Amino acid sequence: MKPNQDILAELSWRGLVHQMTDPQGLSQLLREHSVTLYAGFDPTADSLHVGHLVALMTLRRFQQAGHRPVVLVGGATGMIGDPSGKSQERNLLSREQLEHNIQAIGEQLARFVDFHCGSTSAVLVNNYQWMKDFSYLDFLRDVGKFFPVNVMLAKESVKARLESDAGISYTEFSYMLLQAYDFVYLYDRFGCLLQIGGSDQWGNITAGIDLARRMRGVQLYGLTCPLLTKADGTKMGKTEQGALWLSPRRTSPYRFYQYWINVEDADAGKCLRFFSQLSQQEIEELDRSRAQEPQKRASQKQLAEELTRLVHGEEGLQRARRATEIFFGRQIDQVSQQELEEIFADIPHAQLPWSRLEQGLPLVEALVEAGLCKSKSESRRLISQGGAYVNNRRVAETETVLTLQHLVTPESLVLRAGRKKYAVLQFQK
RNA sequence: GGGGGGUUUCCCGAGCGGUCAAAGGGGCCAGACUGUAAAUCUGGUGGCUUAUGCCUUCGCAGGUUCGAAUCCUGCACCCCCCA
């Protein structure tokens, strides 16, 4: 079967190609055949994050172009720890933790690749399945024999660690062999010819290609995507709360949506190319819009909408939008407790006895109880400077006392400090 | 081993016995402007029952004095010079 579009051309205008082996050979292969390719994700946490999105979306594009993606979740490699791009030796994860992580990540993947679409259906594999019964002696004889240590030492990931004080353990040093063998195994099992990954995976990917040539005498291919960085060179996807996760449990759809809405103009074009389904023409249209009428932020809106829908579904997108309306709207009127809970799910909640509100709770104290101010003096300062809001309505009098009338649901009210810091105060009878 | 300098509020840094909760800058917070941006501007930046009041803070522990971040003694740590 033939693929339905020239995927390499597509990836390259999107800026998704960092490096590849044998560009002519690979290009021809991908134009003429539907290829099975794979990308691996180590289950270091129970969710993928934005950093994984580049490879994930690339895998998705390959599938849309008529190729078959294999997604490898590294139950075995996750036990070892990839030294690539890491300055420190990793802590080993427990088996139970890994098991849990693999399960959770497996569920997330279905959002990105289709597991039920005939001949190009995605396949989910776990390298623990084929590594667990591979004995140490067999592995050394059958795989280790093909790895010249001097070549391994020359790999960037190893070299960096050798030169640092942290050093590298034999365990992490061996990581490369496992990933290399994965590629050979997937070739045997699925006829997998291409491995893709982030640019930090180049060393591991080429190790697999070398191993396949030595063990099977075949030519496999590798392609890496650039890392997702901002215009200033720093990594994208970092927030004050840590990484931007794909799991709604770790990063709410609202926060996820907000992250993309707030992407800087300088990074928006790149993000659109990386992540959106828009055509080149449509993206160039948005580039123009960004230059001529930046205040519209059409690019950011498009990006936030598409990605939130993809990662959290239509419902998640609606929730994020509704929360945005409330957060940036004027005033919070009657909302149901449930709705409020949902919208403010990931902002701090403080619980106080009902009697406090009944007898009148000074706003100064409420702000401290809610964790928005460290002391009453700070509260007074905030209020007198016009930075305090009750249910999104500015309150500038330091003597304000909260009463039952301020409730916005039968038991809660919403405090805000400054532009974006919120807290819910909940009163219990 | 000898000599000299230092340790200040989140950071840098002024402080030379009372007018020091301590200059100035940075950061941070709030406000205005704006695009939920950047830049800019304004205000704030120890705590308390907001008081021209009290309490805690200037490496640590003592002392002198009506009064100390400022003077003295000891201790700890840091830097420099000589050996």
Side-chain angles (χ1 to χ4, degrees), chain A residues 50 229-241 244 251-272 285-308 316-332 343-348 352 356 359-402 414-423:
Chain A
V50 168
T229 53
K230 294 199 246 191
D232 62 13
T234 59
K235 261 191 202 169
M236 269 194 96
K238 290 264 175 277
T239 68
E240 312 84 70
Q241 289 91 359
L244 195 67
T251 299
S252 71
Y254 167 72
R255 258 202 350 238
F256 185 84
Y257 180 83
Q258 282 292 318
Y259 182 86
W260 299 108
I261 280 285
N262 282 309
V263 161
E264 308 216 1
D265 291 357
D267 302 318
K270 183 195 226 175
C271 288
L272 281 169
E285 188 87 18
L286 286 171
D287 289 343
R288 273 192 292 281
S289 161
R290 221 169 329 110
Q292 282 157 24
E293 37 188 13
Q295 70 285 359
K296 279 194 171 175
R297 291 187 304 145
S299 303
Q300 283 88 340
K301 283 176 187 160
Q302 177 70 31
L303 193 59
E305 192 166 310
E306 249 191 84
L307 273 179
T308 308
L317 172 62
Q318 292 315 323
R319 266 171 64 198
R321 276 194 171 143
R322 171 86 174 118
T324 295
E325 270 170 39
I326 299 248
F327 272 78
F328 296 96
R330 293 219 172 284
Q331 189 176 318
I332 301 170
I343 292 167
F344 292 91
D346 52 329
I347 73 159
L352 292 175
R356 298 272 311 261
Q359 66 206 24
L361 176 64
L363 179 57
V364 170
E365 285 176 33
L367 288 166
V368 176
E369 296 281 5
L372 293 173
C373 291
K374 285 200 283 292
S375 68
K376 291 185 207 170
S377 301
E378 199 178 307
S379 293
R380 286 200 188 85
R381 234 175 272 139
L382 183 76
I383 297 168
S384 60
Q385 289 181 142
Y389 300 77
V390 178
N391 302 323
N392 262 356
R393 193 182 319 159
R394 178 179 289 170
V395 175
E397 296 77 39
T398 47
E399 311 78 41
T400 304
V401 174
L402 298 177
V414 179
L415 297 178
R416 185 178 125 201
R419 208 69 203 101
K420 294 181 187 174
K421 268 187 312 198
Y422 281 84

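The figures here come from the full heavy-atom set of this structure, side chains too, leaving out hydrogens, waters and symmetry mates. All figures in this text were calculated on a predicted structure; none of them were measured in a lab. Chain A is the first sequence line, chain B the second, and so forth, proteins listed ahead of strands; every chain is numbered from 1.
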[N] versus [M] - spacing of their [atom1] atoms, nearest Å:
N      : M      : atom1 : answer
B:rU65 : B:rG5  : P     : 27 Å
B:rG17 : B:rC58 : C1'   : 15 Å
B:rG13 : B:rA23 : C1'   : 10 Å
B:rA61 : B:rG46 : P     : 23 Å
B:rG6  : B:rG59 : C1'   : 11 Å
B:rG67 : B:rU19 : P     : 14 Å
B:rA69 : B:rG18 : C1'   : 13 Å
B:rC80 : B:rC71 : C1'   : 26 Å

Inset, instruction - Using a 4.5 Å cut-off on heavy atoms from C-beta on, say whether the side chain of A:E365 contacts that of A:L361. - result: yes
Inset, instruction - May I ask you to say what A:A388 touches in the nucleic acid, namely base, sugar-phosphate or nothing, with a heavy-atom cut-off under 4.0 Å? - result: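 A:A388: no heavy atom of the nucleic acid under 4.0 Å.
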Inset, instruction - Mind checking A:K301 for me? I need base, sugar-phosphate or nothing, with any heavy atom below 4.0 Å counting as a touch. - result: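 Counting heavy atoms under 4.0 Å across all strands, no contact is made by A:K301.
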Hey, what do you get for [atom1] ([X]) to [atom2] ([Y]), rounding to the nearest 0.5 Å?
X      : Y      : atom1 : atom2 : answer
A:Q385 : A:R381 : CD    : CZ    : 8.0 Å
A:R319 : A:T324 : CZ    : OG1   : 12.0 Å
A:I383 : A:R394 : CD1   : CZ    : 12.5 Å

Tabulate atom names and distances for all N/O pairs under 3.5 angstrom spanning the protein and nucleotides 35-39 of chain B.
residue	atom	partner	partner atom	Å
B:rG35	O4'	A:Q295	O	3.4
B:rG35	O6	A:D265	OD2	3.0
B:rG35	N1	A:D265	OD1	3.2
B:rG35	N1	A:D265	OD2	2.8
B:rG35	N2	A:D265	OD1	2.9
B:rU36	O2'	A:N262	OD1	2.9
B:rU36	O2	A:Q258	OE1	2.9
B:rU36	N3	A:Q258	OE1	2.8
B:rU36	N3	A:Q258	NE2	3.2
B:rU36	O4	A:Q258	NE2	3.2

Inset, instruction - Please find out if less than 6.0 Å separates the ring center of A:Y254 from that of A:F344. - result: no
Inset, instruction - Quick one: stems involving RNA chain B, counted as three or more successive Watson-Crick or G-U pairs, both distances short of 3.5 Å. - result: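 Stems for RNA chain B, defined as runs of 3 or more consecutive pairs: B:1-7 with B:76-82, B:10-12 with B:24-26, B:27-32 with B:40-45, B:46-48 with B:53-55, B:59-63 with B:71-75.
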Legend entry - Set of salt bridge (charged side-chain N to carboxylate O under 4.0 Å, His left out) partners for A:E264, sequence neighbours left out: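 With neighbours one apart ignored, the set is empty.
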Legend entry - Contacts of type salt bridge (charged side-chain N to carboxylate O under 4.0 Å, His left out), residue A:K296, not counting sequence neighbours: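 Per chain and number, A:K296 pairs via salt bridge (charged side-chain N to carboxylate O under 4.0 Å, His left out) with A:E293.
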Inset, instruction - Return the value, rounded to whole Å, for the distance between atom CD of A:E399 and atom P of B:rU49. - result: 14 Å
Inset, instruction - Heavy atoms under 4.0 Å is the rule here; annotate nucleotides 41-48 of chain B 5' to 3' with B where the base is hit, S where only the sugar-phosphate is, and - elsewhere. - result: --BSS-SB
Inset, instruction - Taking only Lys NZ, Arg NE, NH1 and NH2, and the carboxylate oxygens of Asp or Glu, determine whether A:R290 and A:D287 approach each other closer than 4.0 Å. - result: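 Yes, this pair counts.
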Inset, instruction - For the residue pair A:S379 and A:K374, confirm or rule out a side-chain donor-acceptor distance under 3.5 Å. - result: no
Legend entry - Side-chain H-bond candidate by donor/acceptor type, A:N262 with A:Y257, under 3.5 Å: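 No donor-acceptor contact under 3.5 Å links the two side chains.
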Legend entry - For A:K376, side chain to side chain donor-acceptor pair (under 3.5 Å) partners two or more places apart: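 Side chain to side chain donor-acceptor pair (under 3.5 Å) list for A:K376, sorted by chain: empty.
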